[in-house]
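For reference, the structure is listed below as structure tokens.
Order of appearance sets the numbers: ligands from 1, and atoms from 1 within every ligand. If you read the sequence from its start, that first residue is 1, and numbering goes on from there. Quick note: numbers below take in every heavy atom, side chains included, and nothing from hydrogens, waters or symmetry partners.
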Amino acid sequence: MKKIIIANWKMNPSSAKEAERILNGVKKTAVRLKKTQVVICPPFIYLNNLKKIIGKSANLSLGAQNAFWEVEGAFTGEVSPEMIRNYGGSYVILGHSERRALGETDEIVSKKTLTCLKTGLKTVVCIGEKIRDEQGDYLVFLRDEIRNSLNKIQKKFLKSVIIAYEPIWAIGKKDTEAMSPADIHEMAIYIKKILSEIYGQESALAVPILYGGSVGGGNAGNIIKSGGVDGLLVGHQSLKPENFSEILMSAENF
Ligand code: 13P
């Protein structure tokens, strides 16, 4: 299975010109990769411009950071999965902790996930605990978050689901402050166990598990090598083409 490295640009950059500059920088490295799938998730508004730069590069794709659960209609300010597809997106990130902090519930994430999967988007469902308590309550929290966020998802859709584990406490820091590869490995196994309980082992083991939270050039290689994950979801370091390219090369050469 190819490693999947996803760039979550969040609400950056401020201009289309800058978005194009970043993507052009990343593209130089991305098109040379053989074992790594690169997905750029910019704000919706840049998708159409960036689609033109991506062209037909097989291992470089576009995605969105959110989508609505209805197909069309009177939903002011929302963007449908179909619109994302028509603008060149083939992936979507759902349930990011920064959206959950604004009120997005597991129920909403589940509804959005279903519509996106029906539309044919590869759907990255984000999960992650706020804190790690000594009693291990975070494990119960994560179990429930996975079950509830996938509540509406039947097994037949699972092949287009990707789980991104992003412990909230590890987001937005220096790469020395990310979770350790050993702990990430433990969590990857735990997430597969929960998925196996819902969908059976064979289907569950085929679901890619990504890690996100302060990934940079300094730790990407170790996380891929020893973290037992199938890829990475990268935030602030994905806005710097040189740093992001370093992460891509670590995944390619691990
Ligand atoms: P950072 O890489 O900035 O920690 O962000 C992680 C993240 O939230 C990606 O979705």
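Heavy atoms only, all atoms of each residue included: Ser196 and Gln201 are closest at OG-CA, 3.8 Å.
Looking at Asp106 and Asn151, their side chains never come closer than 4.5 Å, going by heavy atoms from C-beta outward. Using a 4.5 Å cut-off on side-chain heavy atoms (C-beta onward), Arg100 and Glu145 make contact. In this structure, Val109 and Val125 have side chains that are in contact, with non-hydrogen atoms separated by less than 4.5 Å.
Annotation: cation-pi pair Lys112/Phe68 absent, no NZ/CZ under 6.0 Å from the ring centroid and within 45° of its normal.
Residue contact annotation: Glu166 has a non-hydrogen atom under 4.0 Å from ligand 1.
Residue Asn8 touches ligand 1 through its side chain alone, judged by heavy-atom distances below 4.0 Å.
Atom numbering of ligand 1 starts at 1 in the shown order; those under 4.0 Å from a heavy atom of Leu233 are 9 (C), 10 (O). The distance from ligand 1 to the heavy atoms of Gly213 drops below 4.0 Å at these ligand atoms: 4 (O), 6 (C). Each of the following atoms of ligand 1 lies closer than 4.0 Å to a heavy atom of Ile171: 4 (O), 5 (O), 6 (C), 8 (O).
Nearest to atom 3 (O) of ligand 1 among the protein's heavy atoms is His236 ND1, 2.5 Å. In terms of protein heavy atoms, atom 2 (O) of ligand 1 is closest to Gly235 N, 2.8 Å. Annotation: atom 5 (O) of ligand 1 to nearest protein heavy atom, Lys10 NZ, 3.2 Å. Residue, atom and distance of the protein heavy atom nearest to atom 4 (O) of ligand 1 are Gly172 N, 2.6 Å.
In this structure, Glu20 does not pair ionically with Lys17, as no charged nitrogen and carboxylate oxygen lie closer than 4.0 Å.
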